[in-house]
Amino acid sequence: MNSEWQDLAVDYVLGHLSGEEKHRFVLKLDRDPALRDLVAGLEQTLGQVAEAGQAPPLPPDLWAGIEQKLAAEPLLFQSADKNSKKMVVAAPPGLWQRVLRHPAWAIAACGLLVWNVYDRAAGGLIGPEAGQSFSGNGMTDASGRAGGAGDSRVAGAAGGDARLLLTRLEQLQAEKEALQAVVASKERNLDEALGQLDGLDAHNAKIAADYMRLADRFFPFYESKPGLGRFTVIELRDAESASDPNMRFGIPEKAFEMLTKGSPLTREQLQLAQTESLVPGKNNAVQGPSPGPGIVTAAGFTSDNALTLSSSANTGRVNLSGGNSASLVDQTGGDNSSGALPSAWIVHNDAEEIGVINMVEFPDLAPGTTAILEMRGSLSEEFESFGVIPFDKNSDGRILYSTQGKNMTPLEVRIVDQNGNIIVQGP
Amino acid sequence: MSAGFVPCSDIMESVEEHEYEAEGALRAVATGDRRALNWLYREYGRTVWALAWRVLGNAPDAEEVVQDTFVKIWQQAERYDPGRSRPLGWIVVIGRNLAIDRLRQRKREAATELLAEQSLPEEDQILEKNQETTSMPTTEEWNELWSQLAAGEREALRLSFFEGCTHEEISQRLSRPLGTIKSEIRRGLLKLRGILKREVSL
């Protein structure tokens, strides 16, 4: 292996690679077992370096803290992609939840519990066999003695020992009341557990409904549907996700399939797509955002010949070309010939909190309509406005926006008019 | 060199088997097996803790990072690709990224506090402050390991790995050319790799 690849391997494991350099390295990594071994070895070294030196002992309650955090996030919405292996992921339920999740088991569990409690209650109240059972279980010393000697005492009562009989009766009455209280308590617990089960079911149903709602929105934007623009966004990546080895696969993959009429995305193409960078414009000037929050038109891109986006009505593909600058073509990392990878999902990585949305065939707006970009970081949040889209200058349909100061990674994007009516919306 | 941070030979005999087990544990975690996550925690929690401690220099922050690391492993285990990295490397990258994120957050907070006092900080001041809080007592083996690197290699690698600085930032902080910094980092890590590999094969 030559020293260039060795050097790149070091840069890779330390997170210093990005853009085209990283694409090239990852492709080589997949093909070169020796390079994979080197990377694994360097990672191992970093692990050893990390562990070297003096650190206090691992705090004993850390694992408990992890479990608490996992319990605090019982449901995660991981992907809007229908093909994702884990669309809606719930934290693994405990035994109690697993049992109660199925109505038949829940009923059986209730029945067993109630039967058990009543059986014990009955044992204290009637019959010599039940009395022996209590005694045998050693439940209470008092009832045990009563159970064992009761027959002779009752016989004695028949002979006139009414006081002993009354005492025994009072004991039994007290036990009855205590057991009735236990039954009531257990019933309350069961009601509570069943109530929680209902709540969990409702929550799951809501998550499933949310998923379907998003899926319904997601797909029309990738098909030529009258009245809807083809909304070719997608993944926002910041510096953290760029250095994260766990790429998000779902949306770009699906976007590619839709845009290429179902052609599967190869592993190589997927890697390219996931590591695309926002390309600086001419004279090394990153195009936007201009100072202040809101949306900035990307018209400057075309005038600087940085990137051009075009679409074909026949093939449904979006093509990316690099203008007049060969270096820019290289930096995009993709094949820029006709029918190449669409740039649709390309979002930045060289400056945090900046994203690009490419829109093709956006519907004409009625005169006087103002289009406003809104996003939110999770389904539980309200949409937040990112400003008015300057369509008059946005001829190529590309929107460059900034999330600076918003402290949010968009999960869901929509464009509304000034009255709040939704024009397009998608995950 | 002492065996404090170098796996013993008898341990190394089972490294491959151990990695295989770790991959299996990650696969099990992906299916929702909490016991497998606990296994990974027992195997690698100490490493992540030591790393987070070294980067952040205080227990509360380091604890948060360890917890967040294993929560992230729980959430993302299905995305682990054994063809791309080994379990230890994958986990260390997650832990390191989280630790560096927290370190940067702390820097921002420090900068905000200083701004609030109407005293604009020099970048060096912030970095110095951070360095003060992250300087660790070092052990003999740590010193011995690092003493085998040249001073420049040592410092550049430390800033890169433990502070997540870019090449440009390191070049600026150490007032050395960018190319030199890149070479020092690359040489340093490969040298460490060689040293540890030799120790392991003894």
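Remember, predicted model here, so these are calculated numbers, not experimental data. Quick note on labels: first sequence line is chain A, next is B, and so on, each numbered from 1.
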- Message: Restricting to non-hydrogen atoms, name the atom on L189(B) and the atom on T45(A) that form the minimum distance, rounded to 0.1 Å.
- Response: CD1-CG2, 4.1 Å
- Might you point out which heavy atoms bring V13(A) and R96(B) nearest each other, and give the distance in Å? O-NH1, 4.4 Å
- Does the side chain of L70(A) come within less than 4.5 Å of F70(B)'s, by heavy atoms? no
- Message: Using 0.5 Å steps for rounding, measure from the CD1 atom of I170(B) to the NE2 atom of H16(A).
- Response: 5.0 Å
- Does the side chain of W49(B) reach to within under 4.5 Å of the side chain of P57(A), using non-hydrogen atoms? no
- Item | Any side-chain heavy-atom pair of E67(A) and N38(B) under 4.5 Å | no
- Message: Quick check on L46(A) against chain B: is it the side chain, the backbone, both or neither that has a heavy atom closer than 4.5 Å?
- Response: both
- Of all heavy-atom pairs between S160(B) and L14(A), which one has the smallest distance, and what is that distance? OG-CD1, 3.6 Å
- Between P59(A) and E63(B) the two heavy atoms that sit nearest each other are CG-OE2, 3.5 Å
- Among L37(B), V92(B), T69(B), residue most engaged with chain A (heavy-atom pairs, under 4.5 Å): L37(B)
- Task: Name the member of V39(A), L29(A), L58(A) that forms the most heavy-atom pairs with chain B at distances under 4.5 Å.
- Result: L58(A)
- Note on the structure: Okay, P33(A) and chain B: the region with an atom under 4.5 Å from a heavy atom over there is neither
- Message: What part of R42(B) gets within 4.5 angstrom of chain A, counting heavy atoms only: side chain, backbone, both, or neither?
- Response: neither
- Any salt bridge between K69(A) and E64(B), counting N to O under 4.0 Å? yes
- Message: Given heavy-atom pairs under 4.5 angstrom as the criterion, report whether the side chain, backbone, both or neither of T166(B) touches chain A.
- Response: backbone
- Item | Atom pair CZ (R46(B)) and CG (L62(A)), whose distance is rounded to the nearest 0.5 Å | 11.5 Å
- Task: Identify which part of L192(B) has an atom lying under 4.5 Å from any heavy atom of chain A, answering side chain, backbone, both or neither.
- Result: both
- Heavy-atom distance under 4.5 Å to chain A: side chain of F161(B), backbone, both or neither? both
- Please name the pair of heavy atoms, one in R86(B) and one in E43(A), separated by the smallest distance, quoted to 0.1 Å. N-OE1, 3.8 Å
